[in-house]
Enquirer: 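The following block contains the structure, expressed as structure tokens.
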There are 2 protein chains.
Amino acid sequence: MQRKRVTLDEVARMAGVSRATVSLVVRKSPLVADHTREKVEQVMAELDYVRDIGAARLRNNSSRTVGVIVPNLVNSFFTEFLAGVERVMGEDDRVVLLANSQDDPRRQDDILQRFRGHGVDGVILCPAAGTPPDLPARMRRWGLPMVQSLREIDRGATDYAGADYIEGVRLAVQHLVRLGRRRIAFLSVGARTSAREERLAGFARALAETGAEDAGIVEADLTWEGAARSAAEVLALQSRPEAVLCFNDVLAAGLMLGLRRAGLEPGRDLGVVGLDDLPLAELTYPPLTSVAMDPAGIGVAAARLLARRLADPDAPPERAILAPRLVIRDSSGPEAG
Amino acid sequence: MQRKRVTLDEVARMAGVSRATVSLVVRKSPLVADHTREKVEQVMAELDYVRDIGAARLRNNSSRTVGVIVPNLVNSFFTEFLAGVERVMGEDDRVVLLANSQDDPRRQDDILQRFRGHGVDGVILCPAAGTPPDLPARMRRWGLPMVQSLREIDRGATDYAGADYIEGVRLAVQHLVRLGRRRIAFLSVGARTSAREERLAGFARALAETGAEDAGIVEADLTWEGAARSAAEVLALQSRPEAVLCFNDVLAAGLMLGLRRAGLEPGRDLGVVGLDDLPLAELTYPPLTSVAMDPAGIGVAAARLLARRLADPDAPPERAILAPRLVIRDSSGPEAG
DNA sequence: CATCCGTTTTAGATCGTTCTAAATCGCAGG
DNA sequence: CCTGCGATTTAGAACGATCTAAAACGGATG
């Protein structure tokens with residue numbers, strides 16, 4: 001049943017030229033004469049020739065394939081990120097190998113080995129929590145170009161695309177302070193990633209700058225159920241917070257759910273602000289004030305960085321940091337007055 | 001900078017055996033003597049040998065790679081589906097090539113050509129709206145094994161994994177009728193897919209079975225904004241509905257938003273039921289009554305079907321239809337009484 | 001000691017492409 | 001009619017694996 005592949009040789013025979021010439025046509029080389037090119041292209045169309053990229057890569061070492069590793073696919077932040085990556089890669093006639101590390105460094109290693117075996121040209125990596133810091137060095141030793149995105153394990157030595165979370169957190173805190181909510185808690189996550197550290201650092205710095213009061217830091221599982229359960233803990237903080245800034249919108253949505261279950265009205269009784277501005281921010285009740293990070297834009301930036309790196313492996317490392325934007329809705333509470 | 005690949009030959013030389021023997025070790029053949037195997041494995045570890053799957057495929061025609069095409073990545077239904085596919089493929093030591101057709105048949109064709117070029121072993125396809133019905137036949141001619149999932153363009157001739165949407169719609173309608181809401185509208189989408197037809201057919205059938213009244217069918221863009229805008233249209237239906245059944249949860253969430261903007265309280269003034277039971281169903285306000293379709297389970301089923309098909313290309317086509325489950329929350333309204 | 005047989009190992013061809021270096025073509029100039 | 005030169009084309013060797021068929025090995029047997 002397996003249909004045999006149409007090869008360069010067959011096309012060549014049919015078109016009355018050599019295999020090498022057909023190869024040149026496939027690669028759009030300017031060396032072939034126009035009439036030969038036309039003839040060959042016609043035959044290729046007739047026979048439904050499809051170039052075998054694997055065989056090509058074997059010889060010339062470019063597979064036009066890049067690997068992307070994300071820590072999960074359920075959070076739509078990563079999905080939009082992926083969509084951005086995919087768009088650029090598609091435009092550039094590259095194919096994306098997608099894998100999900102589930103935030104497990106061992107799985108991530110597995111995936112990288114498989115990617116290597118498949119001869120990917122490069123990798124966009126959102127490192128799993130707990131990734132050993134020497135991974136980028138190892139990958140360099142493998143000769144596998146890499147761009148880090150969304151999370152960063154060796155700042156400075158490799159290309160990185162992300163958002164300015166410190167600034168994002170600042171925007172959120174400033175907004176809350178402007179609304180008169182000065183005792184602010186932070187709902188964080190357990191997984192140790194640069195994203196977490198950055199947001200926590202931003203929180204501390206923003207408190208200092210605005211003179212707001214740190215009402216405490218609570219950790220939850222990175223699921224909305226986890227966040228809902230943590231509502232009790234938030235409410236039990238010694239200095240009862242006037243607002244809670246959440247690691248991301250998933251947590252914020254879950255927290256609002258938990259608050260409501262506890263009989264509180266998010267936005268009125270307690271301000272809630274998320275980060276990421278996922279589509280769901282608009283769908284929660286009350287609609288969630290959040291800080292937009294443009295994940296698709298980050299994906300685009302990451303893809304561009306990788307393209308650049310592939311074109312010029314020795315270019316100096318570059319960082320693309322996108323600016324966040326505060327989106328005010330109702331959950332942060334009404335204007336103070 | 002490009003590090004040279006470690007090849008079978010190098011391992012062979014280092015281990016003092018032939019290339020062929022090393023190849024046997026790599027493929028875990030029982031033919032090699034234990035002491036040779038150990039020696040070779042040790043050398044492979046030392047040299048950090050990685051098998052070149054492209055080169056292998058060139059010879060033996062199996063790339064251990066499958067392509068998956070989904071029409072979008074923003075709807076978490078597809079994401080969970082993907083997660084299911086990925087899980088099974090990973091267990092089976094296969095790699096997933098992911099692509100997003102954006103519901104555009106031309107893009108979908110492009111992607112398929114690229115997949116062919118990469119020598120994927122098979123494809124899991126969620127066909128874009130407007131896919132020409134002869135696509136499966138073409139793919140058969142290419143010798144490219146395929147499993148359809150979530151949407152179906154040539155019922156019966158190829159493997160298919162999906163959910164029983166007719167039954168799902170029935171559950172939803174029965175539930176509404178039980179609550180005393182008998183004038184029911186359907187909020188549908190524009191894109192023509194089997195998923196749409198099936199849900200509409202299920203709606204008609206369920207109305208007939210329960211004796212409920214068709215309050216009309218409204219079409220919206222498949223985004224929550226689109227659904228929110230369509231609220232006005234729903235409210236303007238000549239026979240004002242007591243409940244609205246929505247094509248999926250994204251529409252349902254958007255509709256609730258629109259209703260609320262119009263000053264109505266979803267669940268009290270108008271019952272709303274979604275389909276899919278996405279995670280966001282629990283986060284909306286009021287929490288959304290929906291019909292769970294287990295997308296991850298469908299992904300698992302699709303992957304299994306493809307694995308089976310690859311193992312036995314001539315097996316008769318099979319269909320895996322998962323049963324839906326009604327999840328009652330608040331948006332459908334209180335018990336009639 | 002020759003033979004046989006099951007177990008291991010191996011040489012060499014092969015997959016479909018690209019690369020290198022050289023061959024061929026067409027034509028202008030001497 | 002040869003020479004030289006750009007513009008095209010091509011033969012044949014890679015690339016790194018697997019497959020086939022045959023060789024080498026190591027006892028056991030007669």
Enquirer: Identify whether any heavy atom of B:Ala20 sits under 4.0 Å from a base atom; if not, whether one sits that close to sugar-phosphate; answer base, sugar-phosphate or nothing.
Expert: base

Enquirer: Applying a 4.0 Å non-hydrogen cut-off, can you work out what B:Val50 is touching in the nucleic acid: base, sugar-phosphate, or nothing?
Expert: sugar-phosphate

Enquirer: Return the value, rounded to whole Å, for the distance between atom NZ of B:Lys28 and atom C1' of D:dT18.
Expert: 16 Å

Enquirer: Counting only side-chain N and O atoms of B:Thr7, is one of them less than 4.0 Å from OP1 or OP2 of D:dC15?
Expert: no

Enquirer: One pair to check against side chain to side chain contact (heavy atoms under 4.5 Å, CB included): B:Ile153 and B:Ser194. What are the steps and the verdict?
Expert: CA-CA 7 Å; B:Ile153 49 184; B:Ser194 68; over 6 Å; no

Enquirer: Can you tell me if A:Arg309 uses its side chain to pair, donor with acceptor, with the backbone of A:Ala315 under 3.5 Å?
Expert: yes

Enquirer: Taking atom C1' of D:dA17 as reference, at what distance in whole Å does atom CZ of B:Arg64 sit?
Expert: 16 Å

Enquirer: What is the distance from CZ of A:Arg57 to P of D:dG16, rounded to the nearest Å?
Expert: 9 Å

Enquirer: Just the rounded figure in Å: distance from P of C:dT7 to CG of B:Leu24.
Expert: 15 Å

Enquirer: Need one value for A:Val17: base, sugar-phosphate or nothing, where a base atom within 4.0 Å counts as base even if backbone is also close, heavy atoms only.
Expert: sugar-phosphate

Enquirer: Determine whether A:Val70 and A:Leu98 make a side-chain contact, defined as any pair of heavy atoms from C-beta on separated by less than 4.5 Å.
Expert: yes

Enquirer: When you measure from the side-chain N and O atoms of B:Ser23 to the phosphate of D:dT18, is any distance below 4.0 Å, counting only OP1 and OP2?
Expert: yes

Enquirer: Taking 4.0 Å as the cut-off, does a side-chain nitrogen or oxygen of A:Thr21 come that near to OP1 or OP2 on D:dT10?
Expert: yes

Enquirer: With nearest nucleotide decided by heavy atoms, which residue, A:Asn60 or A:Gly54, maps closer to the 5′ end of DNA chain C?
Expert: A:Gly54

Enquirer: Under 4.0 Å: is that the gap between some side-chain N or O of A:Thr36 and OP1 or OP2 of D:dT8?
Expert: no

Enquirer: Specify the separation, in whole Å, of atom CG of B:Leu31 and atom C1' of D:dT20.
Expert: 13 Å

Enquirer: What is the distance, to the nearest angstrom, from the CG atom on B:Asp9 to the C1' atom on D:dA17?
Expert: 10 Å

Enquirer: Kindly determine whether A:Asp154 and A:Gln148 satisfy side-chain hydrogen bond (donor to acceptor under 3.5 Å, both in side chains), including the steps that lead there.
Expert: CA-CA 9 Å; A:Asp154 75 331; A:Gln148 297 184 80; 2.6 Å; yes

Enquirer: To the nearest angstrom, how far is B:Leu58 atom CG from D:dC19 atom P?
Expert: 12 Å

Enquirer: What nucleotide among D:dA17, D:dT9, C:dT10 has an atom nearest to a side-chain atom of B:Asp52?
Expert: D:dA17

Enquirer: Between atom CD of B:Glu318 and atom CG of B:Leu305, what is the distance when rounded to the nearest 0.5 Å?
Expert: 5.5 Å

Enquirer: OP1 or OP2 of C:dT17 versus the side-chain N and O atoms of A:Arg27: is any pair under 4.0 Å?
Expert: no

Enquirer: Which part of the nucleic acid, if any, lies within reach of B:Arg51 when heavy atoms closer than 4.0 Å are counted: base, sugar-phosphate only, or nothing?
Expert: sugar-phosphate

Enquirer: Working to the nearest 0.5 angstrom, can you tell me the gap between B:Glu80 CD and B:Glu86 CD?
Expert: 14.0 Å

Enquirer: Of the listed nucleotides (C:dT18, C:dA11, D:dT10), which one gets closest to any side-chain atom of A:Arg19?
Expert: C:dT18

Enquirer: Kindly say if A:Arg59 contacts the phosphate of C:dG16, meaning a side-chain N or O under 4.0 Å from OP1 or OP2.
Expert: no

Enquirer: Side chain of A:Ala33 only, heavy atoms from C-beta on: which candidate in C:dT9, D:dC19, D:dT8 is closest?
Expert: D:dT8

Enquirer: Which nucleotide in the set D:dC15, D:dT10, D:dA17 lies at the smallest distance from any side-chain heavy atom of B:Leu8?
Expert: D:dA17

Enquirer: NZ of B:Lys39 versus P of C:dT8: gap in Å, rounded?
Expert: 19 Å

